[in-house]
Amino acid sequence: MAEPMNVHVIDHPLIQHKLTIMRMKETGTKDFRELLEEISMLMAYEITRDFPLKEVEIETPICRCKEKMLAGKKVGVVPILRAGLGMLNGVVNMIPAARVGHVGMYRDPKTLKPVEYYCKLPGDVAERTLIVVDPMLATGGSSSAALSLLKEKGAKHIILMCLVAAPEGVRVINHDHPDVPLYVAAIDEKLNDKGYIVPGLGDAGDRIFGTL
Ligand SMILES: O=P(O)(O)OC[C@H]1O[C@H](OP(=O)(O)OP(=O)(O)O)[C@H](O)[C@@H]1O
Ligand SMILES: O=c1cc[nH]c(=O)[nH]1
Ligand SMILES: [Mg+2]
C-alpha cells in the first residue's frame, strides 16, 4: 500500500480559480506573474494561521487595553532560484519584516538531478522560521536538496510552500524531511517522461521570466 502523504493542500476557491488561469497555455508572462504573486499572498495568509501570538498592552486614542501581536520566531523567506522568485513578493507583502535568503538550484534536464549554484542567507538563520518557496515540486530533488543545504547552514525550523506538486515530489519531501511541513495549492496526477508535472503548468521559470 502507498505511504500516506503528509501535506497541506490549500485549496481555497480563489486559489483554485487563479491557478486554473495560470495553467492555461495562452496565459502570458504578465498575467502569470501577477497570479503567482496573488496566490503566494493567499497561501502565506493560510500558512501563518497557527503562528503564535502574545498579549501586549497598548494605548489607543480612547484607552489602555491588552491586544495581540505576533510572538514567534522572526521569519526568513527563501526562494529557490529562479522560479521561486515569482512567489517572493507575495509572501513579503504579508510579512514585510521578513529577511530574504536565496538558494540557486536548477534541475539538470537530462538526469533531472538538482545542481546547486548559489546560496546567501541571513546570518541568524538558526533563529528564524524559514519559508522556502518554489512553485514546482516535481521529482522533489531540487526542494529536498535546498532543504538539506539550509539545515547544513543551521536552519532548524523550515516550512516548504509550493504551488503545484506531483505525488512523487510530496513523497520525497515527506521521506527526506519529515520535520518540514509542506503546503501546496494542488497535487497533480503524475510526472511525464521528461519529469514535467501532468497536467501542471509547464516550465514555471520560463513562464515567469518569458524565456520560453
Ligand atoms: O522537483 P524537481 O524535479 O527538482 O523540479 C522542480 C524544479 O524545477 C524547476 O526549476 P528549474 O530547474 O527549471 O530552474 P529555474 O527555476 O531556474 O527555471 C522548479 O522551479 C523547481 O525548482
Ligand atoms: O512541471 C515542471 C517540472 C519541473 N519544473 C517546472 O518548471 N515544471
Ligand atoms: Mg525552469
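All ligand and atom numbering here is 1-based and tracks the order in the structure. Bear in mind the structure is a predicted one, so any value in this text is a computation, not a measurement.
- Counting atoms of ligand 1 from 1 in the listed order, those under 4.0 Å from a heavy atom of Gly205 are 18 (O).
- Here the heavy atom of the protein found nearest to atom 8 (N) of ligand 2 is Gly202 O, 2.8 Å.
- Not a single N or O atom of Met136, backbone or side chain, sits closer than 3.5 Å to an N or O atom of ligand 1.
- On a distance-only criterion, Tyr106 and ligand 1 share no N/O pair closer than 3.5 Å.
- Backbone and side-chain nitrogen or oxygen atoms of Ile197 are examined, and one is located within less than 3.5 angstrom of a nitrogen or oxygen of ligand 2.
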Test side chain to side chain contact (heavy atoms under 4.5 Å, CB included) on Leu88 and Val77; report intermediate values, then the result.
CA-CA 7 Å; Leu88 175 63; Val77 187; 3.7 Å; yes

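- Short contacts between ligand 2 and Gly195, defined as distances under 4.0 Å to a heavy atom of the residue, involve ligand atoms 3 (C).
- The nearest protein heavy atom to atom 9 (C) of ligand 1 is not closer than 4.0 Å.
- Using modelled atom types, one side-chain atom of His12 and one backbone atom of Leu14 make a donor-acceptor pair closer than 3.5 Å.
- Going from atom CD1 of Ile131 over to atom OG1 of Thr48 covers 7.0 Å, rounded to the nearest 0.5 Å.
- Ring-plane geometry between His8 and Tyr183 is classed as parallel, the angle between the planes falling under 30 degrees on a 0 to 90 degree scale with a further cut at 60.
- Among the backbone and side-chain atoms of Asp206, no N/O/S atom is found under 2.8 Å from the Mg ion (ligand 3).
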Between Lys156 and Asp179, does the salt bridge (charged side-chain N to carboxylate O under 4.0 Å, His left out) criterion hold? Intermediate values first, please.
CA-CA 9 Å; Lys156 299 201 167 29; Asp179 55 314; over 6 Å; no

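- In this structure, atom 13 (O) of ligand 1 lies nearest to the protein heavy atom Asp203 OD2, 3.9 Å.
- Here's the thing with Ala138: none of its N/O atoms is less than 3.5 angstrom from an N/O atom of ligand 2.
- Ligand 1 lies within reach of Gly140, whose nearest heavy atom is under 4.0 Å from it.
- Checked by atom type and distance alone, the side chain of Arg33 never pairs as donor or acceptor with a backbone atom of Gly86 at under 3.5 Å.
- Counting non-hydrogen atoms of other residues, nucleotides and ligands closer than 6.0 Å to OH of Tyr106 gives a total of 12 or fewer.
- An N or O contact shorter than 3.5 Å is missing between Leu112 and ligand 1 by distance.
- Shortest contact from atom 7 (C) of ligand 1 to any protein heavy atom: Ser142 OG, 3.6 Å.
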Val170/Glu168 under side chain to side chain contact (heavy atoms under 4.5 Å, CB included): CA gap, chis, key distance, verdict
CA-CA 6 Å; Val170 175; Glu168 292 87 335; over 6 Å; no

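- Which of Arg82, Arg207, Glu168 comes nearest to atom 18 (O) of ligand 1 through a heavy atom is settled by distance: it is Arg82.
- No more than 12 heavy atoms of other residues, nucleotides or ligands shown are found within 6.0 angstrom of OH on Tyr45.
- Enclosure of atom CZ in Arg99 is not indicated, since only 12 or fewer non-hydrogen atoms of other residues, nucleotides or ligands lie within 6.0 angstrom.
- The protein heavy-atom contact nearest to atom 7 (O) of ligand 2 is Ala204 N, 2.8 Å.
- From the protein, the heavy atom lying nearest to atom 2 (C) of ligand 2 is Tyr196 CD2, 3.4 Å.
- For ligand 1, the atoms lying closer than 4.0 Å to a non-hydrogen atom of Ala138 are 1 (O), 2 (P), 3 (O), 5 (O).
- In this structure, Arg128 contributes its side chain and Lys74 its backbone to no donor-acceptor pair below 3.5 Å.
- Looking at ligand 1, you won't find any N or O of Tyr117 less than 3.5 Å from one of its N or O atoms.
- Within ligand 1, counting atoms from 1 as listed, the ones closer than 4.0 Å to a heavy atom of Arg107 are 2 (P), 3 (O), 4 (O), 5 (O), 12 (O).
- The Ala83 neighbourhood of ligand 1 comprises atoms 16 (O), 20 (O), with distances under 4.0 Å to a heavy atom of that residue.
- Taking atom 22 (O) of ligand 1 as the reference point, the nearest protein heavy-atom neighbour is Asp134 OD2, 2.5 Å.
- Atoms NZ and CD, on Lys66 and Glu55 in that order, are 6.0 Å from each other to the nearest 0.5 Å.
- Both the backbone and the side chain of Thr139 come within 4.0 Å of ligand 1, judged by heavy-atom distances.
- Looking at Arg207, Arg107, Lys194 and measuring to atom 4 (C) of ligand 2, the nearest heavy atom belongs to Arg107.
- Geometric assessment of Arg107 against the ring of Tyr196 yields a positive cation-pi assignment under the 6.0 Å and 45° thresholds.
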Test salt bridge (charged side-chain N to carboxylate O under 4.0 Å, His left out) on Asp203 and Arg207 and set out the steps.
CA-CA 6 Å; Asp203 188 302; Arg207 294 195 68 185; over 6 Å; no

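- Distances between N or O atoms of Ser143 and those of ligand 1 include no value under 3.5 Å.
- Within the 4.5 Å cutoff, the side chain of Ile159 has no heavy atoms near those of the Leu130 side chain.
- Restricting Asp203 to its N/O/S atoms, the shortest distance to the Mg ion (ligand 3) is reached by OD1.
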